[in-house]
Amino acid sequence: MTDPNVRPDGPQTEADSVVLDAKGLRALAHPVRVQLVGLLRKYGPSTATRLAERLGVNSGTASYHLRQLGAAGFVEEDTERGNARERWWRTVHRTTWFNDPELAEREPEAALAYQQSIAALYTLRTQQTLSGLQTMPRAWRNTFDMSDWALRLTPEETAALYRELAEVIARYRRDAPETAASAPEGAERVAVITQILPELDAPAGPSLPSGSQKEEGGPTP
């Protein structure tokens, strides 16, 4: 995963990951900062001006938030690229984990703001893919999928489901700007976004006949 992420307890984080503490959570509790970190991880080092153009904000806003991210340790100045007139920034970590329930209880407003920013970012990325779907080559268009399945699980089973999904994803090639050139011919960036959404207020419906399976929102053709 190359964008900021929220996860339940699961496998050990990678060496290039950061686990949010209170300071980091408060620093990322702003949608522009979440997007800035994501863009630097996706495309590599950049300037405030270029990042501002991608986000549709002014360069002063981007510069301010980059400085705040730098103070919190999420980004740093790329001195090999910068000069007296133009500062370049790069990300410090490849992934961000937020997996501390006690921290979320201590910092409820920051936790909610961060999670809402992540949800909005995922929605934006889905809409961007949908907007370009019809112009994609057929081979890639046929891989697009939006599905959901309704399950009835215990908390322990739900945590096990997450771990199994994470283990499957970990078997595949990670994407990063510096490794893109070594990927096989025809490889492109593919975003896998998982959402496990407890619905505790959902009433229990009648049992299905033995052997049948209920599926909601099957794979998109």
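Note that this is a predicted model, so its numbers are computed, not measured.
A48 approaches A62 most closely through the heavy-atom pair O-CB, 3.6 Å. Shortest non-hydrogen contact noted between W97 and S17 is NE1-OG, 3.5 Å. Shown here for R173 and A183, the closest heavy-atom pair between the two residues is CD-CB, 4.3 Å.
In this structure, V75 is a member of the same hydrophobic cluster as L55, with clusters built from ILVMFWY side-chain heavy atoms closer than 4.5 Å. V37 is not connected to V92 by any chain of hydrophobic side-chain contacts under 4.5 Å among Ile, Leu, Val, Met, Phe, Trp and Tyr, and they are in different clusters. In the hydrophobic clustering of ILVMFWY residues, with side-chain heavy atoms under 4.5 Å counting as a link, V34 and L112 come out apart. Under a hydrophobic clustering in which Ile, Leu, Val, Met, Phe, Trp and Tyr are joined whenever their side-chain heavy atoms come within less than 4.5 Å, directly or via other members, F144 and Y172 fall into different clusters. Linking Ile, Leu, Val, Met, Phe, Trp and Tyr residues whenever their side-chain heavy atoms come within less than 4.5 Å leaves L124 and L133 in two separate clusters.
The side chain to side chain donor-acceptor pair (under 3.5 Å) search around N58 returns T61, not counting sequence neighbours. In this view, A170 satisfies the side-chain contact (heavy atoms from CB on, under 4.5 Å) rule with no residue, not counting sequence neighbours. For E107, the side chain to side chain donor-acceptor pair (under 3.5 Å) test picks out R26, with sequence neighbours left out. Not counting sequence neighbours, the partners of T47 by the side-chain contact (heavy atoms from CB on, under 4.5 Å) test are T49, R50, E86, W88. Looking at residues two or more places apart in sequence or on another chain, you find a side chain to side chain donor-acceptor pair (under 3.5 Å) between E76 and R90. The salt bridge (Lys or Arg N to Asp or Glu O under 4.0 Å) search around E164 returns none, not counting sequence neighbours. Residues satisfying the side-chain contact (heavy atoms from CB on, under 4.5 Å) test with E157, not counting sequence neighbours, are L153, T154. Partners of R171 according to the side-chain contact (heavy atoms from CB on, under 4.5 Å) rule, which considers only residues two or more places apart in sequence or in another chain, are V168.
Rounding to the nearest 0.5 Å places CD1 of I193 at 4.5 Å from OG1 of T126. Note that CD of E199 and CZ of R152 are 9.5 Å apart. Values are rounded to the nearest 0.5 Å. L51 CG to W89 CH2: the interatomic distance, rounded to the nearest 0.5 Å, is 10.5 Å. Here the CD1-CG distance, from I196 to L165, works out to 6.0 Å after rounding to the nearest 0.5 Å. In this structure, the separation between OG on S46 and CD on E53 is 8.5 Å, given to the nearest 0.5 Å. Remark: L121 CG to Q35 CD distance equals 6.0 Å, nearest 0.5 Å.
Each side-chain hydrogen bond (donor to acceptor under 3.5 Å, both in side chains) pair with one or both residues in residues 127-139, not counting sequence neighbours, would appear here, but there are none. For residues 18-68, the set of pairs meeting the ring-ring contact (aromatic ring centres under 6.0 Å, His included) definition, not counting sequence neighbours, comprises H30-H65.
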Dump the intermediate steps for side chain to side chain contact (heavy atoms under 4.5 Å, CB included) on V19 and D100, then the final yes or no. CA-CA 9 Å; V19 178; D100 186 345; 6.0 Å; no

Hey, mind stepping through D16 and H93 against side chain to side chain contact (heavy atoms under 4.5 Å, CB included) and telling me if it holds? CA-CA 5 Å; D16 56 357; H93 314 99; 5.7 Å; no

Give the intermediate values and the outcome of side chain to side chain contact (heavy atoms under 4.5 Å, CB included) for residues V18 and F98. CA-CA 9 Å; V18 58; F98 176 35; over 6 Å; no

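A heavy-atom distance below 4.5 Å is not found between the side chains of F74 and L66. Side-chain contact check for P137 versus R141: every heavy-atom pair is 4.5 Å or farther apart.
One side chain, R41 or T96, offers a donor N or O that lies under 3.5 Å from an acceptor on the other.
Shown are I118, L36, L69; of these, the side chain to side chain contact (heavy atoms under 4.5 Å, CB included) with L28 is made only by L69.
More than 12 non-hydrogen atoms from other residues, nucleotides or ligands lie less than 6.0 angstrom from CD of E178.
Counting only distance, with no hydrogens or angles, the side chain of R54 and the backbone of L39 share no donor-acceptor pair below 3.5 Å.
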